[in-house]
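Throughout, numbering of the chain's residues begins at 1 and tracks the sequence. Ligands are counted one by one from 1 in listed order, and the atoms in each one are counted from 1 as well.
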Amino acid sequence: MARLESRLRPRSVEFLANRAHMVVLLAQLEERLAAARDAGGPAAAAKLAKRGKLSPRERVERLLDRDGSFIELSPLCAFGHYDDECPGGGCIAGVGHVAGRLVMVSASDTRIKGGAIYPLGADKMVRAQQIAKENALPTVSLVESAGANLLFQSELFAPGNRGGRGFCNQARMSAAGIPQIAVVFGSCTAGGAYVPGMSDYTVMVRGKAKVFLAGPPLVKAATGADTDDEKLGGAEMHHTVSGLCDYLAEDDADAIRIARDIVRNLTRPLHGVPRDTVQPPAYDPDELLGIVPPDLKVPFDIREVLARIVDASEFDEFRPGYGPALVCGFARIDGWLVGVLGNNGPIHSPAALKATHFIQLCCQKRVPIVYLQNITGFMVGVDAERGGIVKDGAKMVHAVATASVPQFTVLVGGSFGAGNYGMCGRAYDPRFLWTWPSARIAVMGGEQAARVMRIVQEGAMRKLGGAPDADSMAAMEAMVKAEFERQSDPYFATAQGWDDGILDPRHTRAALSLGLEAAWNRDVYADGAPRFGVLRM
Ligand code: COA
């Protein structure tokens with residue numbers, strides 16, 4: 001493989017200006033992440049401490065290996081929604097190592113409305129399950145949940161990916177041989193109760209965990225009977241009477257210890273993984289901050305990004321002289337061999353054909369694919385259309401949609417229109433999709449959209465025999481542009497689960513490495529998996 005030659009000049013005005021802009025974006029990201037981590041504020045923390053409980057974040061931290069990796073999913077889910085009362089969507093999720101094994105960890109954030117489930121939070125958990133399923137990751141759910149947030153019941157009950165989909169997924173994963181483990185720390189009502197109910201292994205904390213379909217007030221209302229929490233759904237009752245609790249823990253820490261033991265005793269992957277010796281990039285990853293210009297119309301070479309992500313900055317570029325605006329080639333990320341596609345401009349026919357061929361090569365040799373997006377779209381105009389950009393672009397989209405290897409996408413700069421699709425956007429099911437704070441995501445740029453709307457509007461008026469009024473046209477153009485700007489913001493996207501999180505560019509290599517490790521976990525259980533889930537008896 002050839003060493004990439006960087007032309008970046010870390011002392012140049014451009015680099016320093018780009019870096020200064022990225023540093024501002026990262027400060028904003030960090031501030032928003034810190035607010036999400038501190039959900040509920042000191043009052044919620046004090047309430048848990050008074051009850052002798054760990055906070056949901058402490059539970060996740062203690063479950064994970066100290067020397068392992070962890071990547072949190074969509075920590076800014078629901079950002080700007082629900083009056084910002086449920087940072088992260090009211091739940092925490094991520095992929096990390098437990099007892100040396102990669103697992104999907106999720107936790108209800110009991111600091112917010114008793115861990116009640118919000119609609120966007122439900123979407124986030126279903127996305128976490130999709131990742132667990134695609135990568136055969138055992139799932140550990142740390143639960144303490146008031147069930148559906150009753151103020152959003154109709155949104156939560158809607159069919160599709162909500163309305164009980166999470167429980168259905170638990171059963172199907174169990175049937176596919178992917179273990180489901182629940183640890184119950186507090187009160188779990190209704191939807192909260194089904195998480196342990198549908199799990200293969202349950203751990204409950206004595207005196208604290210309570211699981212019931214309806215709590216004492218509802219039982220009283222429904223049947224007239226007086227009862228109390230412990231009798232109705234306490235951990236001890238479930239351990240000795242109902243059979244819902246497999247392991248009785250003395251406190252939160254003990255419950256986590258038991259959960260780690262359960263993971264330790266799961267079957268291990270049987271296959272070897274083709275991971276080569278790891279070499280760090282030859283160029284300093286900190287320089288990733290100085291590559292993307294604040295104005296995405298200013299081009300930059302995606303190889304500069306690659307040089308700071310891939311092992312030894314080595315890249316075996318495929319057909320560099322043909323369709324040069326789409327860079328394709330092989331490299332290693334933390335020892336994992338990958339095919340990479342990165343944008344250096346709009347995609348012309350030759351680039352689309354080269355990409356299609358390259359994706360087929362990756363599938364033929366079973367190599368995962370990484371897409372680095374900075375793309376305004378496929379080339380438009382008379383020459384492009386006559387040259388067959390629609391049919392050639394379609395070939396590339398076909399290849400991406402049907403690729404038989406795991407795919408990963410990072411939105412580095414622009415991610416517009418069909419360029420987003422062709423470069424494995426969310427709808428193409430990449431195993432993970434991360435966004436840099438510098439990214440913009442929309443069907444097209446705000447300026448272009450506003451101009452298109454103005455031209456169409458003016459044409460319509462002229463057809464009706466009227467003369468377009470310049471002032472109102474300018475006002476409409478400004479309004480469309482502003483709305484597009486707002487909706488292209490990466491926080492708008494991440495809040496609604498269009499990605500798996502906004503990344504500090506310097507963490508890209510580690511995130512991809514963890515995703516690649518997760519992908520290699522697959523097929524562990526494929527042979528001999530039972531055709532039914534574990535039925536709780
Ligand atoms: N939907 C919406 N809000 C809920 C909720 C739910 N299912 N469950 C609790 N909340 C809210 C409370 O109204 C309260 O809001 P506030 O802080 O604005 O006053 C907040 O969450 C904390 O509730 P609180 O009862 O003070 O906390 P707690 O720790 O003492 O008890 C529960 C937590 C979960 C045991 C208790 O709130 C409860 O039993 N909730 C009802 C659960 C239920 O019946 N769910 C059915 C879902 S279908």
Side-chain angles (χ1 to χ4, degrees), residues 38-59 77-78 81-92 106-126 141-159 162-168 170 182-198 204-238 244-245 251-252:
D38 191 31
K47 186 171 165 184
L48 282 171
K50 201 168 154 213
R51 293 178 177 180
K53 293 181 174 190
L54 296 172
S55 83
R57 290 213 168 255
E58 285 169 329
R59 288 170 188 160
C77 168
H81 292 255
Y82 317 117
D83 296 327
D84 274 321
E85 72 174 14
C86 73
C91 49
I92 302 162
S106 68
S108 25
D109 199 335
T110 189
R111 298 171 301 179
I112 307 161
K113 304 284 180 197
I117 301 158
Y118 286 71
L120 286 170
D123 294 345
K124 172 170 158 178
M125 298 317 289
V126 167
S141 307
L142 308 176
V143 277
E144 177 165 15
S145 168
N149 186 317
L150 295 170
L151 302 180
F152 300 98
Q153 72 86 21
S154 72
E155 279 179 68
L156 277 162
F157 216 56
R162 297 177 185 164
R165 169 70 72 184
F167 314 130
C168 173
Q170 280 190 278
V183 188
V184 186
F185 295 93
S187 191
C188 284
T189 317
Y194 269 100
V195 177
M198 298 301 293
M204 292 189 194
V205 179
R206 190 196 296 273
K208 302 259 167 50
K210 293 168 182 68
V211 179
F212 26 59
L213 292 184
L218 187 53
V219 170
K220 173 82 180 166
T223 68
D226 285 313
T227 179
D228 63 68
D229 279 1
E230 275 301 321
K231 202 164 139 200
L232 191 64
E236 211 154 333
M237 185 285 286
H238 280 308
L244 180 60
C245 168
D251 55 23
D252 285 15

Taking atom 14 (C) of ligand 1 as the reference point, the nearest protein heavy atom with its distance: Lys113 CD, 4.5 Å

Identity and separation of the nearest protein heavy atom to atom 44 (O) of ligand 1: Thr189 CG2, 3.7 Å

Which residue and heavy atom of the protein sit nearest atom 33 (C) of ligand 1, plus the separation: Gly114 CA, 4.4 Å

Heavy-atom nearest neighbour in the protein, as seen from atom 2 (C) of ligand 1, with distance rounded to 0.1 Å: Asn149 OD1, 3.2 Å

OH/Tyr82: more than 12 non-hydrogen atoms of other groups inside 6.0 Å: yes

Atom 48 (S) of ligand 1 - nearest protein heavy atom and its distance: Ala190 CB, 3.6 Å

Distance in Å, Leu244 CG paired with Phe212 CZ, rounded so as to fall on 0.5 Å steps: 12.0 Å

Leu151 heavy atom under 4.0 Å from ligand 1: no

Side-chain donor/acceptor of Gln170 to backbone N/O of Val195, under 3.5 Å: yes

Whether Ser145 side chain and Gly115 backbone form a donor-acceptor pair below 3.5 Å: yes

Side-chain donor-acceptor distances from residues 38-55 under 3.5 Å, at least two apart:
from, atom 1, to, atom 2, distance (Å)
Lys53, NZ, Glu144, OE2, 2.5
Ser55, OG, Arg57, N, 3.4
Ser55, OG, Glu58, N, 3.2

4.0 Å heavy-atom contact, Lys47 with ligand 1: yes

Residue and atom name of the nearest protein heavy atom (relative to atom 1 (N) of ligand 1), distance in Å to one decimal: Leu150 N, 3.0 Å

Rounded distance (nearest 0.5 Å) linking atom CD1 of Ile117 with atom CG of Asp123: 12.0 Å

Flag: protein heavy atom within less than 4.0 Å of atom 35 (C) of ligand 1: yes

Which of the ligand 1 atoms, numbered from 1, are nearer than 4.0 Å to a heavy atom of Ser187: 35 (C)

Proximity flag Ala148 to ligand 1, non-hydrogen atoms under 4.0 Å: yes

Atom 26 (O) of ligand 1 touched by protein (heavy atom, under 4.0 Å): yes

Other residues, nucleotides, ligands: >12 heavy atoms within 6.0 Å of Phe167 CZ: yes

Heavy atom of protein closer than 4.0 angstrom to atom 20 (C) of ligand 1: yes

Min side-chain heavy-atom separation Glu230-Met237 under 4.5 Å: no

With sequence neighbours excluded, residues passing salt bridge (charged side-chain N to carboxylate O under 4.0 Å, His left out) with Arg165: none

For Tyr118, the option from Glu85, Lys124, Lys113, Glu155 that meets side chain to side chain donor-acceptor pair (under 3.5 Å): Glu85

The one among Gly192, Ala146, Ala116 that brings a heavy atom closest to atom 40 (N) of ligand 1: Ala146

Any donor-acceptor pair under 3.5 Å from His81 side chain to Leu120 backbone: no

Protein non-hydrogen atom found under 4.0 Å from atom 16 (P) of ligand 1: yes

Is_contact(atom 23 (O) of ligand 1), protein non-hydrogen, under 4.0 Å: no

Arg51 near ligand 1 by a heavy-atom separation under 4.0 Å: yes

